[in-house]
Amino acid sequence: MALRVVQWATGGVGVAAIRGVLDHPDLELAGCWVHSEAKSGRDVGDLIGSAALGVTATNDVDAILALDADAVVYAPLVPNPDEVAALLRSGKNVVTPVGWFYPGETDGAPLRAAALEGGVTLHGTGIAPGGISDKFPLMMSIMSTGVTFVRAEEFSDLRTYDAPDVLRYVMGFGDTPDKALSGPMQKLLDGGFIQSVKMIVDQIGFAADPRIRATQEVAVATAPIACPLGTIDPGQVAGRKFHWEALVGDEVVVRVTVNWLMGQENLDPPWSFGAAGERYEMEAKGDPDFSVVVKGFQPESVAAGLESNNGIVATAAHCVNSVPAVCAASPGIATYLDLPLVSGKAAPHLR
């Protein structure tokens, strides 16, 4: 029997997750929650640009809670712990890319209690945070001894992210430096990336200060830059860097960094992706040192990214492919450290 999956929210990740569920041999789409009245009542196939699927989207939370389903891929822009708790208490496992990758005892307690009440499991996953920023560096550190430093870093062109309102009002692009630096993005990112750093600290065994140092920087445009939110004018924010660091004394032992640029031209400071271009990097120093460059999660061009952003699809895939393992896990909160190896599945025509 296929596991019945509900998709919560139909932004970029949500649409990709629906397609992933449809392609997965062990899953079937059982329902779909949408935010807007305009999407409610429509066949989900219409929302993802496919033939009718026979599943109707709804913005009625109670209808989703009452639905007979095994799991929910919970992918709103901003997480709501009360929604997640209600889904768990209704007996639905929850897999999400927006939090709970490695929650502490205190901040995870309410949702752990809700999961135990519902007899189900909550699992946070994704690409970064989740995956590139924690799971994969830890997996590869098995090939080094005496580890002294771990780094995970993203280099992405945000001109491929077709979400103008998010870019401007949440991420601070096109705003003044002061407004961007005091805006919501640092706090929104802290929740996930601080958990990534703490997971690495705990598993490697660093005697690090429990406080994670979070810093940010901005670059401004020196000439007009065309992007999904319109034109970024000179003096407005066109590049952002966020860093999260764990320290033992004065020594940085774990660093996770995000580099988001609106292209590589006309920036002050003159930030660039370097010769390697857009990518994810993972590094460990020990015996031996190693570094890994991951290509392919960023699109090959701005035009290709506006058509289909690989990083968004990968985030959704990591959630969808984790559903069977999460449904089989013991009730509570499960991190990567609690689950078996999860893999992708063969394309339908090759099964």
Side-chain angles (χ1 to χ4, degrees), residues 7-19 33-40 42 46-49 57 59 74-80 97-98 126-129 154-189 191-192 216-242 258-268 271 273 278 297-316:
Q7 175 56 44
W8 185 286
T10 55
V13 172
V15 168
I18 291 168
R19 292 174 177 150
W33 182 88
V34 291
H35 182 267
S36 70
E37 288 281 354
K39 292 181 178 180
S40 185
R42 294 168 61 184
D46 185 38
L47 300 181
I48 69 169
N59 62 352
Y74 179 80
L77 177 62
V78 178
N80 181 333
V98 293
I127 187 169
E154 174 187 355
F155 300 82
S156 293
D157 189 333
L158 267 289
R159 293 178 301 171
T160 64
Y161 186 39
D162 192 13
D165 288 346
V166 176
L167 287 168
R168 182 180 295 279
Y169 300 114
V170 180
M171 302 176 77
F173 285 96
D175 215 333
T176 64
D178 286 347
K179 287 184 178 179
L181 290 168
S182 61
M185 202 62 207
Q186 179 77 62
K187 184 177 180 181
L188 287 173
L189 295 176
Q216 58 175 314
E217 307 170 71
V218 298
V220 298
T222 60
I225 298 174
C227 68
L229 58 82
T231 299
I232 296 178
D233 294 319
Q236 295 179 334
V237 171
R240 305 210 64 175
K241 292 188 179 186
F242 298 88
V258 171
N259 300 273
W260 287 335
L261 312 183
M262 290 293 181
Q264 301 185 83
E265 299 178 352
N266 306 317
L267 297 177
D268 180 26
W271 294 343
F273 301 127
E278 293 183 76
F297 290 138
Q298 287 93 351
E300 294 182 358
S301 67
V302 172
L306 294 175
E307 182 70 24
S308 177
N309 190 301
N310 298 356
I312 290 174
V313 176
T315 298

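All residue numbers in this chain count up from 1 along the given sequence.
- You'll find the side chain of Leu229 stays beyond 4.5 Å of the side chain of Tyr169, heavy atoms only.
- One N or O on the side chain of Gln216 and one on the backbone of Leu181 form a donor-acceptor pair closer than 3.5 Å.
- Residues that satisfy the side-chain contact (heavy atoms from CB on, under 4.5 Å) test with Asp46, not counting sequence neighbours, are Arg42.
- Rounding to the nearest 0.5 Å places CG of Leu158 at 11.5 Å from CD1 of Ile225.
- Closest heavy-atom contact between Leu77 and Val98: O-CG1, 4.3 Å.
- The distance from the CZ atom of Phe242 to the CD atom of Glu217 is 10.5 Å, given to the nearest 0.5 Å.
- When all heavy atoms are compared, the tightest approach of Ala128 to Glu154 is CB-OE1, 4.4 Å.
- Within the 4.5 Å cutoff, the side chain of Leu167 has no heavy atoms near those of the Cys227 side chain.
- Looking at residues two or more places apart in sequence or on another chain, you find no side-chain hydrogen bond (donor to acceptor under 3.5 Å, both in side chains) involving Trp271.
- Under the rule for a side-chain hydrogen bond (donor to acceptor under 3.5 Å, both in side chains), the partners of Lys39 that lie at least two apart in sequence or sit in another chain are Thr10.
- Listed by chain and residue number, Val34, Thr58, Asn59 satisfy the side-chain contact (heavy atoms from CB on, under 4.5 Å) test with Ser40 (two or more places apart in sequence, or in another chain).
- Taking all atoms of both residues into account, the shortest heavy-atom contact from Ala75 to Val13 is CB-CG1, 4.0 Å.
- Not counting sequence neighbours, Asp268 has no partner by the salt bridge (Lys or Arg N to Asp or Glu O under 4.0 Å) test.
- Residues passing the side-chain contact (heavy atoms from CB on, under 4.5 Å) test with Pro184, sequence neighbours excluded: Leu188.
- In plain terms, the two heavy atoms of Pro177 and Gly235 that are nearest each other are CD-O, 3.8 Å.
- With hydrogens and angles disregarded, a donor-acceptor distance shorter than 3.5 Å links the side chain of Arg240 to the backbone of Ala180.
- Nearest heavy atoms, Thr222 versus Leu267: OG1-N, 3.9 Å.
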Q: May I have the step-by-step check of side-chain contact (heavy atoms from CB on, under 4.5 Å) for Leu189 and Val258, ending in yes or no?
A: CA-CA 10 Å; Leu189 295 176; Val258 171; 5.6 Å; no
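- Nearest approach of Leu47 to Ala57, heavy atoms of both residues: CD1-CB, 3.8 Å.
- No donor-acceptor pair under 3.5 Å is formed between the side chain of Gln7 and the backbone N or O of Ala17.
- In this structure, Tyr161 has no ring pair (Phe, Tyr, Trp, His ring centres under 6.0 Å) partners at least two apart in sequence or on a different chain.
- Considering only residues two or more places apart in sequence or on other chains, Glu278 meets the side-chain hydrogen bond (donor to acceptor under 3.5 Å, both in side chains) condition with none of them.
- By the side-chain hydrogen bond (donor to acceptor under 3.5 Å, both in side chains) test, Glu265 is found to be paired with no residue, residues two or more places apart in sequence or in another chain being considered.
- Legend: salt bridge (Lys or Arg N to Asp or Glu O under 4.0 Å) pairs involving residues 156-182, not counting sequence neighbours, sorted by first then second residue: Asp157-Arg159.
- Counting heavy atoms from C-beta outward, Gln298 and Phe273 have side chains that stay 4.5 Å or more apart.
- Applying the side-chain contact (heavy atoms from CB on, under 4.5 Å) test to Pro224 and every residue at least two apart in sequence or in another chain returns Thr231, Pro234.
- For Trp33, the ring pair (Phe, Tyr, Trp, His ring centres under 6.0 Å) partners at least two apart in sequence or on another chain are Trp8.
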